[in-house]
Amino acid sequence: MHAYRTHHCAQLRKDSVGQNVRLSGWVYRKRDFGNLLFIDLRDHYGISQIVVEKDSAAFPLAESLRSESVIRVDGKVNARADDAINPNLVTGEIEVRATAIELLSEAADLPLPVFGNAEYPEEIRLRNRFLDLRREKLHANIVLRSNVIASLRRRMIDQGFTEFQTPILTASSPEGARDFLVPSRIHPGKFYALPQAPQMFKQLLMVAGFDRYFQIAPCFRDEDARADRSPGEFYQLDFEMSFVTQEDVFAAIEPVLYGVFEEFSGERDVTTPPFPRIAYKDSMLKYGNDKPDLRNPIEISDVTEIFRGGGFAVFAKAIEDGSVVRAIPAPGAGVRARSFFDGTNQWAKDEGFAGLGYINFKGGEGGGGIAKNLGPERVALIVKQMGLGPDDGVFFSCGKPLEAAKLAGLARTRVGVELDLIEKNTFKFCWIVDFPMYEFDEVEQKVIFSHNPFSMPQGEMEALMTMNPLDILAYQYDIVCNGIELSSGAIRNHKPDIMYKAFELAGYDRSLVDEKFRGMINAFKFGAPPHGGSAPGVDRIVMLLADEPNIREVILFPMNQKAEDLMMGAPSEVSAKQLRELGIKFTNDGPKPQ
RNA sequence: GGGGUCGUAGCUCAAUUGGUUAGAGCACCGGACUGUCGAUCCGGAGGUUGCGGGUUCGACCCCCGUCGACCUCGCCA
């Protein structure tokens, strides 16, 4: 007989009755009747009930067992009586009558119970992650993550992609997030950086002729955490393709994402490819952001012209100063109590905006101060333009275009949630396309890259030479699911002269481009194929599929808000010897986090 | 760095809003019990109410400061 087990804990069925078996696992739950006791024995696969009777040699030890101790059980498979069958367990028709039990590893008093679905403080969970990971939900999430990654790999390979590993120790890059730096022992005073993404490497792979690359790629960014953004590190399904247009990239990745979501979505619906394409400009207008949650049926309208020169002086005056008015319909909300509207207005103020005006319609009659001041004719225009029903409400966000769009977007989400309009059990995908190449930085008073500087501008060199930079669009796209940005990607700029010009418009001269992007720009001078790709976030895909709002729920050993690993004690101080070898000495000032 | 929420037993929470000895469930320890699957019943132990000041006859509760956790803004090309 095997030293530890003949079967795992989800394996035994009725057809094994009478067999002598050996199981090993954790004591999940114990029910002690004095002269008879039950143990739910758990391993990775499931649970089997162990019965220990008074006359068994194993009884004294079984009585003393504590939850989460690891034991080996020898016994005979027994059919349960009809009224003792547990339909919730796959092994519920049988039990194992223990003849011998060995305590393989004793568990101390638990800082975190493994049994049950109660919620526990983040700090306790992170400090005892090995216990937390034994718990049903988290254990299942991590298995799901592994299965999702395996599926992504298989689907990419089936599509003709090849996986390559790119360096982890690389060079610091001037654009983007803060780098994690690694001091060099051989070159005192110099540093490696961990890759924020394998961006340049994957483009160089295209130059090297590999045609279709992918990688489940670790990425490192030294930025602050959010619920959906783990500090430090995360994984992307990074891919790149040669000789492709934007549509070719979409056509390659849509079936992969659709396939993996279909595979793991259970009862939930998934958008069938091709996913809707929404221009950045339209998304900002209709949804108030560049990552619309299409489960929310509300669409925002621009009603600036209706308010221009109208009787509602606050908006009319603001419009003269360059503001716009965006209207957010609240279907069926017109008959709601005034507190609904005032509450929403107060929420907008709490969010730091000037406020949110409204009209509430009751039987087609518009109520509130805005309706009164604006007059029936203009109100009728709003109703007509937006197709409002007789008992709908409508909110107004007024401000400079970006500000108004932002508030309108937040209000759209809030109203959708409050009125319970968000479609459930569905994954709604879309592409956001035609991002602007540049934007104007109000603080620095200059033109900057709005997203990825390596994207190909639409219209290429001619656009850069002739157009207002702020009007130039890029072959740049995001994929969005249920309001979550899964990835951003682009058709890359593979022509050195266009790249120099693109950087020039953002204030980088030729020598700086040569210095900072040497590896890539140099390679492009020796025959680079047109190429493009994207990089969907693996953690976020798993979050969506596991229906978890927090990214820590789908990561094995996550860090906390302050980017600490409480279990391993990272980051930590290092020895004086290590510092000496690296030529590093701290000043008295001490480091101060920003 | 800014804003918000929170901090009471190992864990989850309560304490009639400033009033006697800070309670309950889970976990733990001891006892009873032969069919449970959140077993049940009886008993026990477990607290400087995050920490430091202050107000008060009296503070878990009010005030000031401080520490910590999470959420968020900034940041994340």
Side-chain angles (χ1 to χ4, degrees), chain A residues 28-42 47-56 59 63-64 66-68 78 80-89 91-92 95 97 107-128 131-132 173-179 196-197 199-200 219-232 234 350-352 406 410 435-439 441 443 448-455 474 476 485 488-490 502-503 506 508 516-517 537 549-550 552 560-562 564 566 592-594:
Chain A
Y28 193 38
R29 200 78 183 156
K30 196 177 79 181
R31 294 174 293 279
D32 188 347
F33 286 78
N35 291 311
L36 164 80
L37 65 84
F38 301 94
I39 294 167
D40 288 339
L41 190 68
R42 185 198 74 242
I47 293 168
S48 288
Q49 175 163 282
I50 310 298
V51 195
V52 193
E53 297 196 70
K54 184 80 175 177
D55 55 9
S56 165
F59 193 78
E63 267 201 307
S64 71
R66 303 168 60 162
S67 286
E68 295 308 309
N78 185 44
R80 296 203 201 183
D82 284 350
D83 60 353
I85 287 172
N86 184 344
N88 300 319
L89 291 182
T91 58
E95 61 195 4
R97 271 170 195 272
D109 225 356
L110 298 175
L112 177 78
V114 172
F115 183 82
N117 296 315
E119 295 198 22
Y120 296 96
E122 207 67 46
E123 189 176 354
I124 304 272
R125 295 182 55 198
L126 293 177
R127 202 181 288 282
N128 301 283
L131 285 177
D132 201 15
S173 76
E175 291 278 330
R178 292 187 193 92
D179 284 317
Q196 295 182 25
Q199 179 71 33
M200 285 201 233
C219 303
F220 306 89
R221 294 177 191 175
D222 187 6
E223 297 294 349
D224 288 352
R226 289 290 180 274
D228 64 349
R229 201 169 78 202
S230 102
F234 60 96
D350 292 343
E351 291 284 312
K406 194 175 165 196
L410 292 171
F435 277 85
M437 187 80 195
Y438 301 97
E439 63 188 34
D441 186 329
V443 180
I448 58 170
F449 286 111
S450 71
H451 288 86
N452 186 328
F454 306 116
S455 306
Q476 162 121 28
E485 181 192 318
S488 76
F503 273 93
Y508 295 79
K516 295 299 185 187
F517 309 107
N550 194 299
R552 285 186 295 270
N560 67 5
Q561 169 93 7
K562 286 168 77 177
E564 297 166 312
L566 295 176
K592 288 193 182 72
Q594 301 178 4

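In what follows, every chain begins at residue 1, and chains take the letters A, B, ... in the order their sequences are listed.
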Inset, instruction - Tell me, with the steps shown, if A:Ile448 and A:Tyr438 meet side chain to side chain contact (heavy atoms under 4.5 Å, CB included). - result: CA-CA 6 Å; A:Ile448 58 170; A:Tyr438 301 97; over 6 Å; no
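- Taking atom CG of A:Asp224 as the reference point, atom P of B:C70 lies 12 Å away to the nearest angstrom.
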Legend entry - Working for side chain to side chain contact (heavy atoms under 4.5 Å, CB included), residues A:Lys516 and A:Tyr508: CA-CA 10 Å; A:Lys516 295 299 185 187; A:Tyr508 295 79; over 6 Å; no
Inset, instruction - Let me have RNA chain B in dot-bracket notation, would you? Count Watson-Crick plus G-U wobble pairs, both distances under 3.5 Å, and use [ ] for pairs crossing earlier ones and | for inter-strand partners. - result: (((((((..((((.....[...)))).(((((.......))))).....(((((..]....))))))))))))....
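- A salt bridge does not link A:Arg221 with A:Asp179: none of the charged nitrogens is closer than 4.0 Å to a carboxylate oxygen.
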Legend entry - Stepwise salt bridge (Lys or Arg N to Asp or Glu O under 4.0 Å) check, A:Arg229 with A:Asp224: CA-CA 8 Å; A:Arg229 201 169 78 202; A:Asp224 288 352; over 6 Å; no
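- A:Gln561 has a side-chain polar atom (N or O) that falls below the 4.0 Å cut-off from OP1 or OP2 of B:C71.
- Rounded to an integer number of Å, the gap from A:Arg178 CZ to B:G74 P is 13 Å.
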Inset, instruction - Check the pair A:Thr91, A:Gln49 against side chain to side chain contact (heavy atoms under 4.5 Å, CB included), reporting the backbone distance first and the verdict last. - result: CA-CA 8 Å; A:Thr91 58; A:Gln49 175 163 282; over 6 Å; no
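- Within 4.0 Å of A:Ser450, counting heavy atoms only, lie sugar-phosphate atoms of the nucleic acid but no base atom.
- No contact: A:Arg127 has no heavy atom under 4.0 Å from any strand.
- In this structure, A:Lys30 atom NZ and B:C26 atom P are separated by 16 Å, rounded to whole Å.
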Legend entry - Reading 5' to 3' through nucleotides 27-38 of chain B, protein heavy-atom contacts under 4.0 Å coded B for base, S for sugar-phosphate only, - for none: SSS---BBBBBS
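- Taking atom CG on A:Leu566 and atom P on B:A69, their separation rounds to 8 Å, with Å as the unit.
- Using a 4.0 Å heavy-atom criterion, one finds that A:Ile124 contacts the sugar-phosphate atoms exclusively.
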Inset, instruction - Give the C-alpha distance, both sets of side-chain angles, the deciding distance and a yes or no for side chain to side chain contact (heavy atoms under 4.5 Å, CB included) between A:Leu36 and A:Lys54. - result: CA-CA 6 Å; A:Leu36 164 80; A:Lys54 184 80 175 177; over 6 Å; no
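- One can find a donor-acceptor pair under 3.5 Å joining the base of B:C76 and the side-chain atoms of A:Arg229.
- When heavy atoms are screened at a 4.0 angstrom cut-off, A:Glu119 is found touching the sugar-phosphate backbone but no base atom.
- Across all non-hydrogen atoms, the minimal contact from A:Arg66 to A:Ala107 is NE-O, 3.8 Å.
- We find that CZ of A:Arg226 is positioned 12 Å from C1' of B:G3, with the value rounded to whole Å.
- With ring centers used as reference points, A:Phe503 lies under 6.0 Å from A:Phe449.
- Atom NZ in A:Lys406 sits roughly 14 Å away from atom P in B:U72 (whole-Å rounding).
- Separating the CD atom of A:Glu123 from the P atom of B:C70 is a distance of 8 Å, rounded to the nearest angstrom.
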